[in-house]
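Chain A is the first sequence line, chain B the second, and so forth, proteins listed ahead of strands; every chain is numbered from 1.
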Number of protein chains: 2
Amino acid sequence: MPAHGRRDAAAAVFRPVRTRNAFEETVERLLQAIRLGVAAPGERLPAERELAARLGVSRVTLREAIRAVADAGYVESRRGRYGGTFVAEDLPGLPRPRRGAAPSGVELEDVLTLRRVLESGAAEAAAARSLSPADRQHLRVRLTDATDVAPGEEAEYRRRDSRLHLAIAEVTGSASLTSAVADVRTGVNELLDAIPLIGANIEHSDEQHRLIVEAILSGDAPAARAAMDEHLDGTAALLRGFL
Amino acid sequence: MPAHGRRDAAAAVFRPVRTRNAFEETVERLLQAIRLGVAAPGERLPAERELAARLGVSRVTLREAIRAVADAGYVESRRGRYGGTFVAEDLPGLPRPRRGAAPSGVELEDVLTLRRVLESGAAEAAAARSLSPADRQHLRVRLTDATDVAPGEEAEYRRRDSRLHLAIAEVTGSASLTSAVADVRTGVNELLDAIPLIGANIEHSDEQHRLIVEAILSGDAPAARAAMDEHLDGTAALLRGFL
DNA sequence: CTCCAAAGGTTTGGTCCTGGCCCATTGCAC
DNA sequence: GTGCAATGGGCCAGGACCAAACCTTTGGAG
């Protein structure tokens, strides 16, 4: 009996339906928006009523989550017309000193495998599509943002880097692919938080980012995939070395 | 302001936290297990207490879901020692006459894009890995199963086809990739339910399946990707034509 | 034949979450 | 300045969901 194989597939289908409660999930989403640079410092989040509807969560729950995120210093709420919840200009640093929770090798390989599949696939798909002028502009802007970070601003670099990778997924036109990339990116960022950021690596990444975007913009799908593969291999090697 | 691009990424991060309620989610998972062939006709599901724990759902909720699925004729419960919940030997046909709910073109392309990224990526990743003898055997068994369906058994073919594709994801060793493939596969199956199954297509698929598995077993990652790409292109063309 | 283990079936009390409603604050339009 | 609309803030009744019991059925072990 191939019970082994069956168990793996079964684990995929019978995985938990709801990982956390609504409050915790909502907090994670807000932090994800901030850490991936989807909501930049100073920017306003959607109004509570709208955001609650979008997240499929009651306003009470959303407000509790916002409260928690605000207490941690990530956002700030203002009342009145033209009020709202705003991302803090000065974001707090890492809340996670990684208290012994080093990810196992299996977990690491799991994330890296999924990441490679999703991100290289997204790069290829983006290049294979005929992009609208808005899409092309979007990519260029994100690329510039990412290569244009003041030295010493590691956290900001991480956000813009994520935002660029996310933009590549966006221009594939596939909403579910974009969601998947956002999730895997969050996982990768958590891992990256555990290792130091080196200047040489950033410069190297900048160049690779340029190559990737160039390949996508010129519609060269194999080149886009190859460039993304190489880029990801670098990070993967770094992570494997440190963990 | 690049509000357009921002909106897409925001939609990914601010997507609903909880799509359905626990009951509905659980029903979907049970049906997914059956339709993907993870639980074959006649097979026993895990005991309620264990399954509830795995799904992260209370036993009460799980039982309600099982009850619903049993009422629809998919499973049957037996009490007493060596009892349990068993997948029906004769599964009901399609419950979905697709009442005008034809998927929009955008949705279709969304699923197909994600599918291509995930499944071709999985094939490549599987080929790039050094597979254990158990993995190799698993792939071979699933391949044989899929090419070995009695004529006229379209529903059974669909299940074994899914099971083979799922096996490819399994042998990548990445649990999250396997989950993602299972989900996208469910989406594709729903689309496929709307179009007829033609004998010639099955034969063609059988041959492509052989090529894919062969490439994976021989460790030829580019060939595995290429073979999977071709295979998926066939189905994609079929779907685009019918919808 | 008796006991027991493993499974499904049932009940209860409590917690989380929601949907709806109203209040408080703010700044622009008039 | 007055009105108003958009926003965050607060409250409550009821439903969904859960954890933890306990009951019933079944068939093998001894």
Side-chain angles (χ1 to χ4, degrees), chain A residues 3 10 14-30 33-34 39 42-89, chain B residues 3 10 14-30 33-34 39 42-89:
Chain A
F14 295 143
R15 88 200 105 117
V17 161
R18 317 171 99 156
T19 320
R20 306 173 172 85
N21 59 34
F23 165 74
E24 285 171 353
E25 279 275 313
T26 306
V27 170
E28 283 304 320
R29 287 295 180 82
L30 296 176
I34 295 169
E43 231 175 293
R44 207 193 83 172
L45 297 182
E48 288 182 357
R49 288 168 177 83
E50 189 203 328
L51 193 50
R54 283 222 242 167
L55 290 171
V57 131
S58 83
R59 228 187 114 207
V60 180
T61 302
L62 172 61
R63 297 194 73 258
E64 277 170 14
I66 288 178
R67 172 74 186 279
V69 176
D71 285 349
Y74 289 94
V75 300
E76 207 172 349
S77 292
R78 290 202 288 277
R79 288 167 58 145
R81 191 168 188 179
Y82 300 88
T85 303
F86 298 80
V87 179
E89 292 284 357
Chain B
F14 296 142
R15 89 199 105 114
V17 162
R18 316 169 100 157
T19 320
R20 305 173 172 88
N21 59 35
F23 165 75
E24 285 171 354
E25 278 275 314
T26 306
V27 169
E28 284 304 322
R29 287 295 180 81
L30 295 176
I34 295 168
E43 231 176 289
R44 208 193 81 172
L45 297 182
E48 287 182 357
R49 287 168 178 82
E50 189 202 327
L51 193 49
R54 283 222 243 168
L55 290 171
V57 130
S58 82
R59 227 188 117 206
V60 180
T61 302
L62 171 62
R63 296 193 77 264
E64 277 170 14
I66 288 178
R67 174 73 186 279
V69 175
D71 284 349
Y74 288 94
V75 300
E76 207 172 349
S77 292
R78 289 203 290 277
R79 291 171 52 148
R81 191 164 189 183
Y82 300 91
T85 302
F86 298 81
V87 179
E89 292 285 357

[X] versus [Y], closest heavy-atom pair with distance:
{"X": "A:Leu62", "Y": "A:Ala52", "result": "CD2-N, 3.5 Å"}
{"X": "A:Thr85", "Y": "A:Ser77", "result": "OG1-OG, 3.1 Å"}
{"X": "A:Thr26", "Y": "A:Ala65", "result": "CG2-CB, 3.6 Å"}
{"X": "B:Ala68", "Y": "B:Phe23", "result": "CB-CZ, 3.9 Å"}
{"X": "A:Gly42", "Y": "A:Phe86", "result": "O-CD2, 3.8 Å"}

(request) For B:Arg20 and for A:Ala47, locate the closest nucleotide of DNA chain D by heavy-atom distance; then report the residue assigned to the nucleotide nearer the 5' terminus. (result)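 In this pair, the answer is A:Ala47.
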(message) Which is more 5' along DNA chain D, the nucleotide nearest A:Val60 or the one nearest A:Ser77? Just name the residue.
(response)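 First, find each residue's nearest nucleotide; the 5'-ward one identifies A:Ser77.
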(message) Among C:dT18, C:dC16, C:dA6, which nucleotide has an atom closest to any side-chain atom of A:Asn21?
(response)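 Looking only at side-chain atoms, A:Asn21 lies closest to C:dC16.
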(message) Can you identify which nucleotide, out of C:dG20, C:dT25, C:dG9, has its nearest atom closest to the A:Arg79 side chain?
(response)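 Given the options C:dG20, C:dT25, C:dG9, the side chain of A:Arg79 is closest to C:dT25.
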(request) Using the heavy-atom set of chain A and a strict 4.0 Å cut-off, write down the first and last nucleotide of DNA chain D that makes it in, 5' to 3'. (result)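 Span of nucleotides near chain A: D:dA5 to D:dC17.
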Counting N and O atoms only, with roles assigned by atom type, does the side chain of [X] sit under 3.5 Å from a partner on the main chain of [Y], one being a donor and the other an acceptor?
{"X": "B:Arg29", "Y": "A:Arg15", "value": "yes"}
{"X": "A:Arg18", "Y": "B:Asn21", "value": "no"}
{"X": "A:Arg44", "Y": "A:Gly83", "value": "yes"}

(message) What contact category does A:Arg59 fall into here, base, sugar-phosphate, or nothing, at under 4.0 angstrom with non-hydrogen atoms?
(response)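 Base contact.
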(message) Need one value for A:Val57: base, sugar-phosphate or nothing, where a base atom within 4.0 Å counts as base even if backbone is also close, heavy atoms only.
(response)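 Sugar-phosphate only.
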Atom [atom1] of [X] to atom [atom2] of [N]: distance rounded to whole Å?
{"X": "A:Arg49", "N": "C:dG19", "atom1": "CZ", "atom2": "C1'", "result": "13 Å"}
{"X": "B:Glu48", "N": "C:dT10", "atom1": "CD", "atom2": "C1'", "result": "11 Å"}
{"X": "B:Tyr82", "N": "C:dC4", "atom1": "OH", "atom2": "P", "result": "16 Å"}
{"X": "A:Glu25", "N": "C:dC17", "atom1": "CD", "atom2": "P", "result": "11 Å"}

(request) Return the 5'-most residue of the pair A:Ala22, A:Gly80 with respect to DNA chain C, ranking by each residue's nearest nucleotide. (result)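 Checking each residue's closest nucleotide, the 5'-ward one belongs to A:Ala22.
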(request) Answer yes or no: does a side-chain N or O of B:Thr85 lie under 4.0 Å from OP1 or OP2 of C:dG8? (result)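 True: B:Thr85 side-chain N/O within range (under 4.0 Å) of C:dG8 OP1/OP2.
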(message) With the threshold set at under 4.0 Å for non-hydrogen atoms, list the residues of residues 63-70 of chain A touching DNA chain D in residue-number order.
(response)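 By residue number: A:Arg63.
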(message) Would you say that B:Leu30 contacts B:Val75 through its side chain, given a criterion of any heavy-atom pair below 4.5 Å between the two side chains?
(response)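 A side-chain contact is absent here, since even the closest heavy-atom pair is not under 4.5 Å.
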